[in-house]
Amino acid sequence: MPFSSLKQDDTFSKDNLLSDSSNLWAVMNTVLDGLVIIDSNGFIQAFNPSAVKIFDYQLHEVIGQNIKMLMPDPYCNNHDSYLTNYKSTKVAKVIGIGREVSGKRKNGEIFSMELGINEMWLDGNLMFVGTIRDISDRKKAEEEMAAFVTALKHSNQELDDFAYIASHDLKEPLRGLSNNAQFLKEDYKDLIDEDGVKRIDRIVYLCERMETLVNDLLYFSRIGNQALAIKEIDLNHVIEDIASMMDTTLIVENAKILIPQKLPTIACDVLRITEVFRNLITNAIKYNKKEYKIVEVGFNQVDNKTRKEFVFYVKDNGIGIPEKYHQDIFRIFKRLNDEEDHVKGTGVGLTFVKKIIERHGGHIWLESELNLGTTFYFTIGGTHSNE
Ligand code: ADP
């Protein structure tokens, strides 16, 4: 269907309106955006095929009609006075500016559109050209996305709250269980044989272990709930503090922490980030059977889309992690070495590490080779260099 402008009086007939612009005519017929031309009183003079598609009106239904028919309340009521006002004052709300507004289709459906309006003069007559883009699909997708994010945040919050409440409530009966087992051992010692005592000790041990797990769960939920105290932190001091706290372990384990290059200063929560490095360094020594245990802490600077980003790493020469467990190890209470192992742990360290890093807007991943060692890499969102 050709782009057309019909008019009751022939001032703006198709030939007249675009008589010098047959190329322009062709362009208007093919552009994806809707184009509507109105006269200075708001009557539609031209309506291209994309506009037909967007508003679902046929050409003969709109040409010569007031543009208000394409606008929902309350805009349609104000349009006449807006045009009059503009013509006398030249103060524009949309003309030459462009903005997001609502349009009305033939079936009455209101939809979001981007509207750009410019004035033009044709044969001495003031006209307005409106460019219309139907953004209802995009808007709908944005709204769905926003609703999804809100629901996700809500369910994350609920999970954190649940973990907090459940672990809090579990502690009481657990303590009762442990205390009663102790009383049993003390008050009935003449009645219980050696095997029985061993079993009671095992109950007490398992209660203690369960209490540690419950505390870990409590702490896990707290990391998700508490606000971060973000400050500029020199990471060299963080690693020095960790090394000095671990000095005995480093000697006993024959372990060394190497820092090949001075670390940067970054914006982060120092307590949490210390915890990240401490967990990774402790694991690098714990899961290591080499005579000389080497832990290297460093960083690379990589080009992200918009800025330079630090990728930190903690590298060891330990036992390595089979590839099939590279995701699992971040799950709470997941351990690859069972309880009989001399290496003790509850399987929460890496879960905390991941959660802290993600709360900082970063992410964590690893590379590993069995018996050669593991390197954990992570970013901390919003970091920047002090150089
Ligand atoms: P935990 O050390 O208390 O078991 P983590 O969450 O810190 O808990 O680690 C989970 C599991 O991942 C560990 O049990 C261990 O099997 C494995 N792991 C973690 N770090 C390393 C490492 N550097 N080298 C080899 N295995 C590791």
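In each ligand, atom 1 is the first atom listed, and ligand 1 is the first ligand listed. Side-chain atoms are counted along with the backbone in the values below, which use heavy atoms only and exclude waters and symmetry mates. Worth saying up front: this structure is predicted, and the values here are computed from it rather than measured.
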Task: Nearest-neighbour protein heavy atom for atom 23 (N) of ligand 1, which is reported as residue plus atom name and distance - done: Asp316 OD2, 2.9 Å
TODO: Applying side chain to side chain donor-acceptor pair (under 3.5 Å) between Glu114 and each of Arg138, Arg99, Arg133, report the one that passes.
DONE: Arg138
- [ ] Consider every N or O of Thr346 and every N or O of ligand 1, then say whether any pair is closer than 3.5 Å.
- [x] yes
TODO: Could you check Asn236 against Asp234 for side chain to side chain donor-acceptor pair (under 3.5 Å), going step by step and ending with a plain yes or no?
DONE: CA-CA 5 Å; Asn236 298 289; Asp234 183 342; 2.7 Å; yes
- [ ] Would you check if Leu70 and Lys104 make a side-chain contact, meaning some heavy-atom pair closer than 4.5 Å?
- [x] no
Open item on the list: Would you say the rings of Phe333 and Phe220 are close, in the sense that their centroids are separated by under 6.0 Å?
Closed with: no
Open item on the list: I'd like to know whether the aromatic ring centres of Phe330 and Tyr325 sit less than 6.0 Å apart in this structure.
Closed with: no
Task: Ring center gap for Tyr313 and Phe299 short of 6.0 angstrom - done: no
- [ ] Check ligand 1 against Gly320 and write out every atom of the ligand that is under 4.0 Å from a heavy-atom position of the residue.
- [x] 25 (C)
Open item on the list: Give me the nearest non-hydrogen protein atom to atom 4 (O) of ligand 1 as residue plus atom name, then the distance to 0.1 Å.
Closed with: Arg335 NE, 2.6 Å
Task: atom 14 (O) of ligand 1: the protein heavy-atom neighbour that sits closest, reported with distance to 0.1 Å - done: Tyr287 OH, 3.2 Å
- [ ] Provide the number and element of each atom of ligand 1 under 4.0 Å from a heavy atom of Thr374.
- [x] 24 (N)
- [ ] Check side chain to side chain contact (heavy atoms under 4.5 Å, CB included) between Ile203 and all other residues, then give those that pass, not counting sequence neighbours.
- [x] Ala181, Cys207
- [ ] Answer yes or no for Asn279: is there a heavy-atom contact with ligand 1 below 4.0 Å?
- [x] no
Task: Identity and separation of the nearest protein heavy atom to atom 16 (O) of ligand 1 - done: Asn337 OD1, 2.7 Å
Open item on the list: For atom 7 (O) of ligand 1, what's the nearest protein heavy-atom neighbour? Residue, atom name and distance, please.
Closed with: Asn283 ND2, 2.8 Å
Open item on the list: Out of all atoms in ligand 1, which are within 4.0 Å of some heavy atom of Val348? Include the element for each.
Closed with: 6 (O), 8 (O)
- [ ] Any atoms of ligand 1 less than 4.0 Å from a non-hydrogen atom of Leu336? List them with their elements.
- [x] 14 (O), 16 (O)
Task: Interfacing atoms of ligand 1 (cut-off 4.0 Å, heavy-atom, Gly349) - done: 5 (P), 6 (O), 7 (O), 8 (O)
Open item on the list: Looking only at protein heavy atoms, which one is nearest to atom 26 (N) of ligand 1, and what is the separation?
Closed with: Ile321 CG1, 3.2 Å
- [ ] Report yes or no: is the cationic atom of Arg105 (NZ for Lys, CZ for Arg) under 6.0 Å from the centre of the six-membered ring of Phe111, at an angle within 45° of the ring normal?
- [x] yes
Task: Gly347 N/O to ligand 1 N/O under 3.5 Å - done: yes
Task: Which of the ligand 1 atoms, numbered from 1, are nearer than 4.0 Å to a heavy atom of Lys286 - done: 1 (P), 2 (O), 3 (O)
Task: ligand 1 contact on Leu350 by region, counting heavy-atom pairs under 4.0 Å - done: both
Task: Closest approach of any protein heavy atom to atom 12 (O) of ligand 1, naming residue and atom - done: Ile329 CG2, 3.3 Å
TODO: Name all residues meeting the ring-ring contact (aromatic ring centres under 6.0 Å, His included) criterion together with Tyr57; count only those two or more places apart in sequence or in a different chain, and write none if there are none.
DONE: none
Open item on the list: In this structure, would Met245 and Val297 fall into the same cluster of hydrophobic residues linked by side-chain contacts under 4.5 Å?
Closed with: no
Task: Minimum heavy-atom distance between Gly318 and Lys290, given as atom pair plus value - done: O-NZ, 4.1 Å
Task: Under-4.0 Å heavy-atom contact with ligand 1, by part of Lys334 that carries it - done: backbone
